[in-house]
Participant: 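Mind looking over this structure? Questions follow.
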There are 2 protein chains.
Amino acid sequence: MAAAIRTARERAREELTREIKKEARRQLAEEGAQRLSLRAVARELGMASSALYRYFPSRDDLLTALIIDAYNALGERAEHAVSTAPPGDPRAMWRALSGAVRSWAQQHPHEYALLYGTPVPGYAAPPETVAPAARVALALIEVLRAGADRVELATPVRPLRGILAEQVSALAAQVAPEVNAGVLSRGLVAWTQLFGMISFELFGHLVGSVTPADGFFAHTVEEMADFLGLPESTP
Amino acid sequence: MAAAIRTARERAREELTREIKKEARRQLAEEGAQRLSLRAVARELGMASSALYRYFPSRDDLLTALIIDAYNALGERAEHAVSTAPPGDPRAMWRALSGAVRSWAQQHPHEYALLYGTPVPGYAAPPETVAPAARVALALIEVLRAGADRVELATPVRPLRGILAEQVSALAAQVAPEVNAGVLSRGLVAWTQLFGMISFELFGHLVGSVTPADGFFAHTVEEMADFLGLPESTP
DNA sequence: GGCAAACGAGAGCACTGCTCTCGAAAGAGA
DNA sequence: TCTCTTTCGAGAGCAGTGCTCTCGTTTGCC
């Protein structure tokens, strides 16, 4: 097909684009998004800073590319964790998923901050980021589906009222018809809890002597599994 | 006392310091911390940018001052909410607390981001910020104390294991001896949930059609109250 | 009244994102 | 193979940033 025939110029462009993203990602990992500098990237690559604008029209565009890559990397890890967990054990799947998200965040703190931290003022996430961003959420949905037929809620879900009821049942119909709406709403709670914990831990915002370290994380993951009604693992 | 006798110079210095913080807070509220510029503040105040360094040795120091003020403002709102709620109704207190934190965050999104968003790389929170930062957490502890004698946990707390058990019981002994350690650990969960929800909502990071709007927030607050074992309000 | 500390203003340094222009290189069509 | 258009890299330049240094002035204490 025609796309396979690439001129030397096209190949050079793709490679240099990759090269730029690679160096930018390196600087991002070391210094954070705040200190990521186009000029420094260009300097490191031995090119004029103005030449870099042939590849990324602005700093925001370069950041967007990094964001998409990061969402995909995280999404892939999450999907892999869920798919390699014991298939019939939704609690183990949830454990694997939350652990994977947390460890990725710890290994790539600045990229995590780029995804789930303070948004850059004036920056609006372009639509290309939506699909990659949804992958992690879909992995959680997958866990809920795996446990859909044998959830044992220890506590009845508070009735969903008003718009929330419509939104949640619409979401359920759209993405996981076999999942009970009440369970799905608890999935949102678990989802929030997971990212809340990771953000607190990574950004160092939890006050006091109890840092949300391994112990708190593991404990809360189990409490959330109970909250979701995921059946106990049978070892 | 001697401190009351202030020279004209001291008074001018205090007033100008206040003036600088006020203008900085204005710019922070409009543009975010990222775009807060010392030169712009000086320009707006009709002074040379170098003169500003007589009052704040660096941009980080100015930010620190704003952070402390913000923590105190939020803490005050939280304390007020708890203290004006029906004294014998811990669930109402929890509702009031979470609502106060959320509405403050919505009214001061950039200041909230400064407190609970991505930390500025290279910036270490100085010890002066610890006490103001703890005020909100202490307000939550206050709620737990109010309900300490009649919590009705619908679900047994998973046993705390390892270091977590020590940390939590140490915290309990230190700050709220009458609060059960298991309940305290669930307080940490509720705390994380609260700030996770607010951050998701404010930073627009929750994926899909279910935005954590009023409905989801109110619903989750009640679910968390159940989770904490707070007795039902008797209207 | 003298003197040291505090202060305001200006110039300047090194850096940033971004634009514009100009000459060289590469690919497509004749 | 020879044009001709598009693409590209480099340099200069603009407006902005945090921060430092110097220099003359003002203020308050002894």
Side-chain angles (χ1 to χ4, degrees), chain A residues 2-21 23-24 26-28 30-67 114 119-124, chain B residues 2-21 23-24 26-28 30-67 114 119-124:
Chain A
I5 304 169
R6 296 181 306 167
T7 65
R9 185 169 256 172
E10 281 173 308
R11 270 188 290 111
R13 185 177 181 84
E14 284 177 27
E15 176 158 0
L16 194 43
T17 304
R18 253 197 310 276
E19 219 46 48
I20 292 170
K21 281 205 289 184
E23 174 59 27
R26 206 188 58 75
Q27 293 192 14
L28 171 66
E30 274 192 0
E31 301 266 25
Q34 184 114 3
R35 299 198 183 170
L36 170 62
S37 153
L38 281 187
R39 293 182 105 112
V41 170
R43 212 179 299 132
E44 209 66 27
L45 263 54
M47 61 197 294
S49 66
S50 56
L52 215 147
Y53 284 83
R54 301 274 183 202
Y55 297 86
F56 294 94
S58 78
R59 208 190 99 113
D60 275 2
D61 289 275
L62 177 53
L63 272 183
T64 299
L66 295 182
I67 286 175
L114 202 56
V120 180
Y123 174 83
Chain B
I5 304 169
R6 297 180 305 167
T7 65
R9 184 170 258 170
E10 282 173 312
R11 269 188 290 111
R13 184 177 181 86
E14 285 176 26
E15 175 158 1
L16 195 43
T17 304
R18 252 196 311 275
E19 213 59 37
I20 292 170
K21 281 205 288 185
E23 174 60 26
R26 206 187 58 75
Q27 292 193 14
L28 171 66
E30 274 192 359
E31 301 266 26
Q34 185 113 359
R35 299 198 183 170
L36 170 62
S37 153
L38 281 186
R39 292 182 106 111
V41 171
R43 211 179 300 132
E44 209 66 26
L45 263 55
M47 62 196 295
S49 66
S50 56
L52 214 147
Y53 284 83
R54 301 276 182 199
Y55 298 85
F56 295 93
S58 78
R59 208 190 98 112
D60 274 2
D61 289 274
L62 178 53
L63 272 182
T64 299
L66 295 182
I67 286 175
L114 202 56
V120 180
Y123 174 83

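Nothing here was measured: the structure is a model prediction, and the numbers come from that model. Naming: A, B, ... by sequence-line order, numbering from 1 per chain.
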Participant: Give B:L52 one of three labels, base, sugar-phosphate or nothing, depending on what nucleic acid heavy atoms sit under 4.0 Å from its own.
Facilitator: nothing
Participant: Looking at every strand, decide which applies to A:L45 at a 4.0 Å heavy-atom threshold: base, sugar-phosphate, or nothing.
Facilitator: nothing
Participant: Taking the basic N atoms (NZ, or NE/NH1/NH2) and the acidic carboxylate oxygens, is any pair closer than 4.0 Å for A:E10 and A:R13?
Facilitator: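 No, this pair does not count.
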Participant: Over how many whole Å does the gap from B:R43 atom CZ to C:dG8 atom P extend?
Facilitator: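 Whole-Å distance recorded here is 18 Å.
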Participant: Please walk me through it: do A:L16 and A:E19 pass side chain to side chain contact (heavy atoms under 4.5 Å, CB included)?
Facilitator: CA-CA 5 Å; A:L16 194 43; A:E19 219 46 48; 4.1 Å; yes
Participant: Could you state the CG-C1' distance from A:D61 to C:dG17, rounded to the nearest angstrom?
Facilitator: 13 Å
Participant: Let me have the donor-acceptor pairs involving side chains of residues 41-60 of chain B, under 3.5 Å, with sequence neighbours excluded, atom names and distances please.
Facilitator:
residue	atom	partner	partner atom	Å
B:S58	OG	B:D60	N	3.3
B:S58	OG	B:D61	N	3.3
B:S58	OG	B:D61	OD2	2.6
B:R59	NH1	B:L36	O	2.3
B:R59	NH2	B:A33	O	3.3

Participant: Heavy atoms under 4.0 Å, any strand shown: does A:R35 hit a base, just sugar-phosphate, or nothing?
Facilitator: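 Here A:R35 touches no strand at all.
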Participant: What's the CZ-C1' distance between A:R39 and C:dC18, to the nearest Å?
Facilitator: 8 Å
Participant: With a 4.0 Å cut-off on heavy atoms, is B:S37 in touch with a base, just the backbone sugar-phosphate, or nothing at all?
Facilitator: sugar-phosphate
Participant: Roughly how far, to the nearest 0.5 Å, is CG of A:L38 from CD of A:Q27?
Facilitator: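 Output value for this atom pair is 9.5 Å.
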Participant: Once you round it to whole Å, what is the distance between C1' of C:dA26 and CZ of A:R11?
Facilitator: 13 Å
Participant: D:dT27 P sits how many Å from B:E14 CD, rounded?
Facilitator: 18 Å
Participant: Looking across every strand, which nucleic acid part, if any, lies under 4.0 Å from A:L62 by heavy atom: base, sugar-phosphate, or nothing?
Facilitator: nothing
Participant: Ignoring hydrogens and angles, does a donor from either the side chain of B:S50 or the base of C:dG8 sit under 3.5 Å from an acceptor on the other?
Facilitator: no
Participant: Using only side-chain N and O atoms of B:Y53, determine if any of them is under 4.0 Å from OP1 or OP2 of C:dC7.
Facilitator: no
Participant: Starting from the 5' end of DNA chain C, give me the residue, B:A48 or A:R54, whose nearest nucleotide shows up first.
Facilitator: B:A48
Participant: Using a 4.0 Å heavy-atom cut-off across all strands, classify B:F56 as base, sugar-phosphate, or nothing.
Facilitator: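 Result for B:F56 = nothing.
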Participant: Expressed in angstrom and rounded to an integer, what is the separation of A:E31 atom CD from C:dC15 atom C1'?
Facilitator: 14 Å
Participant: Measure the spacing between CD of B:E15 and CZ of B:R18 and express it to the nearest 0.5 Å.
Facilitator: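 Reported to 0.5 Å precision, the distance equals 6.0 Å.
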Participant: Could you tell me how far apart B:M47 (CE) and C:dA6 (P) are, to the nearest whole angstrom?
Facilitator: 17 Å
Participant: Heavy-atom nearest nucleotide on DNA chain D for B:R59 versus B:A8: which residue maps closer to 5'?
Facilitator: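 That would be B:R59.
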Participant: Can you tell which of C:dA6, C:dA9, C:dT19 lies closest to the side chain of B:R9?
Facilitator: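 My answer, after comparing the listed nucleotides, is C:dA6.
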Participant: With a 3.5 Å cut-off and heavy atoms only, can you find an N or O donor on one side and an acceptor on the other between the side chain of B:T7 and the base of D:dG28?
Facilitator: no
Participant: A:L38 CG to C:dC15 P: how many Å, rounded?
Facilitator: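 Distance check: A:L38 CG to C:dC15 P gives 16 Å.
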